[in-house]
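These notes concern the structure reproduced below.
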Amino acid sequence: MPNTPIGIFDSGIGGLTVFRSIAEQLPGYDYIYLGDNSRAPYGNRSFNTIHQYTWECVQWLFKQDCPLIILACNTASAKALRTIQQKDMQGLDPSKRVLGVIRPTAEVIGNYSTTKEIGVLGTTGTVQSESYPIEIQKFFPDLKIYQQACPLWVPLVESGEYEKPGSDYFIKEYLDQIMAQSANIDTLLLACTHYPLLLDKIKAHLPANVNVIAQGDIVAKSLVDYLQRHPELEQKLSKEGTRKFYTTTDDTAEFDHHASRFFSAPVTSSFVSVTEFSCK
């Protein structure tokens with residue numbers, strides 16, 4: 001049987017939070033995780049750059065025989081997914097799929113709020129795209145949505161500085177800004193897969209009545225449902241329970257450190273180059 005894993009892509013290590021939830025709910029499948037660490041973070045980059053980087057990584061995963069790829073990156077989902085689905089994949093095998101994390105989150109986030117006012121915390125790119133307000137209001141038109149860009153949070157996570165006491169200042173700063181937008185916000189969506197690494201510190205700076213929602217379980221449940229509704233794709237996926245990690249940076253030791261913590265088991269990643277797929 002050919003090895004046809006599910007590909008999971010993120011700009012760095014943040015997508016491991018989604019990967020962990022997916023692997024827990026779909027443990028029998030094969031997976032390849034690709035983190036574009038050498039070019040992270042994506043949050044402050046231009047639309048064209050994000051699209052180029054994401055498409056390069058998607059093509060690399062296709063070359064590894066992944067028939068299904070999850071963009072476990074909000075910035076890539078917001079700024080690259082639509083172009084990839086509607087333009088870049090034209091002429092490719094029509095059975096291949098690239099999915100994002102925004103729509104499955106938008107479909108359910110309103111269910112967590114009693115006041116019907118939520119805050120969205122994301123990268124500058126995700127916030128500026130307006131992707132979340134647009135998608136959420138398709139499902140919850142009466143929901144009030146406030147957004148706050150947190151441009152320093154991803155660098156804190158990628159550098160490992162988030163565990164140090166000095167990170168609390170920058171975490172609290174953005175939380176104060178989002179909560180100042182409305183006293184009725186009772187739910188905060190972590191619209192970046194890096195942010196769950198900050199979850200304990202985020203909760204420490206918020207009132208006890210504010211829900212903090214990470215995306216991992218939401219995306220995983222949505223994928224389970226998606227595969228049930230698309231048996232023709234599900235049957236193509238190989239099921240040996242393998243987990244493979246790759247990173248587009250030569251600093252694999254740092255990647256392995258974070259990945260091992262998330263999976264409670266040793267992780268050994270390999271270096272890859274995706275520049276052969278650079279847009280001409």
Side-chain angles (χ1 to χ4, degrees), residues 7-19 32-62 69-85 87-88 98-105 120-132 134-135 147-162 170 174 189-198 214-216 219 245-252 254-255 258-259 262 269 271-275 277-279:
I8 300 179
F9 164 74
D10 186 70
S11 61
I13 62 172
L16 292 168
T17 61
V18 172
F19 185 13
I32 289 181
Y33 181 93
L34 176 61
D36 193 8
N37 296 62
S38 63
R39 301 185 290 194
Y42 280 14
N44 295 323
R45 297 187 183 273
S46 69
F47 174 93
N48 289 335
T49 298
I50 293 168
H51 167 252
Q52 176 185 330
Y53 289 175
T54 304
W55 179 229
E56 288 171 8
C57 292
V58 166
Q59 290 178 91
W60 185 87
L61 286 166
F62 278 152
I69 298 171
I70 309 299
L71 300 188
C73 175
N74 282 271
T75 304
S77 295
K79 289 197 164 187
L81 178 60
R82 186 177 297 275
T83 302
I84 288 172
Q85 289 176 331
K87 179 182 177 182
D88 297 325
V98 180
L99 306 177
V101 295
I102 294 178
R103 185 178 180 90
T105 305
V120 176
L121 301 168
T123 66
T124 301
T126 297
V127 169
Q128 289 180 345
S129 74
E130 293 290 324
S131 295
Y132 271 100
I134 291 171
E135 287 298 318
Q147 297 193 95
Q148 177 62 48
C150 310
L152 294 178
W153 283 9
V154 171
L156 282 174
V157 171
E158 293 285 344
S159 66
E161 294 294 315
Y162 68 96
F170 301 102
Y174 297 130
L189 169 64
L190 303 184
C192 175
T193 55
H194 288 67
Y195 295 176
L197 278 75
L198 308 174
Q215 296 175 291
V219 174
F245 299 86
Y246 297 90
T247 173
T248 55
T249 178
D250 56 0
D251 188 10
T252 55
E254 182 71 10
F255 179 89
H258 289 289
F262 275 97
S269 62
F271 167 83
V272 295
S273 173
V274 298
T275 55
F277 302 106
S278 296
C279 301

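Only a predicted model underlies this, so the values are computations on that prediction, with no experimental measurement involved.
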Reported [atom1]-to-[atom2] distance for the pair [X] and [Y], which is rounded to 0.5 angstrom:
X: Tyr53; Y: Ser11; atom1: OH; atom2: OG; result: 11.5 Å
X: Phe9; Y: Cys57; atom1: CZ; atom2: SG; result: 4.0 Å
X: Gln52; Y: Arg45; atom1: CD; atom2: CZ; result: 10.0 Å
X: Asp10; Y: Asn74; atom1: CG; atom2: CG; result: 9.0 Å
X: Leu34; Y: Leu61; atom1: CG; atom2: CG; result: 5.0 Å
X: Thr124; Y: Gln147; atom1: OG1; atom2: CD; result: 11.0 Å

Of all residues at least two apart in sequence or in a different chain, which pass the ring-ring contact (aromatic ring centres under 6.0 Å, His included) check with [X]?
X: Tyr132; result: none
X: Phe245; result: Phe19, Phe263
X: Tyr246; result: Trp60

Which atom names give the shortest non-hydrogen contact between [X] and [Y], and what distance separates them?
X: Val101; Y: Leu71; value: CG1-O, 3.3 Å
X: Asp88; Y: His51; value: OD2-NE2, 2.6 Å
X: Gln85; Y: Val98; value: NE2-O, 2.8 Å
X: Ala149; Y: Tyr174; value: O-CD2, 3.6 Å
X: Ala259; Y: Leu16; value: CA-CD1, 3.7 Å
X: Ser269; Y: Thr247; value: OG-CG2, 3.8 Å

Got a sec, which residues hit side chain to side chain contact (heavy atoms under 4.5 Å, CB included) with [X], two or more places apart in sequence or on another chain?
X: Leu99; answer: Leu68, Ile70, Tyr226
X: Glu161; answer: Leu156, Ser159, Lys164
X: Val157; answer: Ile13, Tyr162, His194, Leu197, Leu198
X: Ser131; answer: Ala78, Ile102, Ser129

Residues that [X] engages under side chain to side chain donor-acceptor pair (under 3.5 Å), provided they are two or more places apart:
X: Glu254; answer: His258
X: Asp36; answer: Arg39, Tyr42, Thr248
X: Ser77; answer: none
X: Thr126; answer: Thr75, Thr123

Would you check if the side chain of Thr54 reaches a backbone N or O of Ala76 as a donor-acceptor pair within less than 3.5 Å?
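Judged by distance alone, no pair lies under 3.5 Å.
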Got a donor-acceptor contact below 3.5 angstrom from the Thr17 side chain to the Gly14 backbone?
yes
Run Glu158 and Asn37 through side chain to side chain contact (heavy atoms under 4.5 Å, CB included) and show every step you take.
CA-CA 8 Å; Glu158 293 285 344; Asn37 296 62; 3.9 Å; yes
I'd like to check [X] versus [Y] (side-chain heavy atoms, cut-off strictly below 4.5 Å). Are they in contact?
X: Thr249; Y: Phe271; answer: no
X: Thr83; Y: Trp55; answer: no
X: Gln215; Y: Leu190; answer: no

Taking salt bridge (charged side-chain N to carboxylate O under 4.0 Å, His left out) as the test, write out the residues that go with Glu135, two or more places apart.
Arg103, Lys138
Centres of the Trp153 and Phe170 rings: under 6.0 Å?
no
With side chain to side chain contact (heavy atoms under 4.5 Å, CB included) as the test, would you mind laying out the steps for Thr105 and Leu189 before giving the verdict?
CA-CA 9 Å; Thr105 305; Leu189 169 64; 3.6 Å; yes
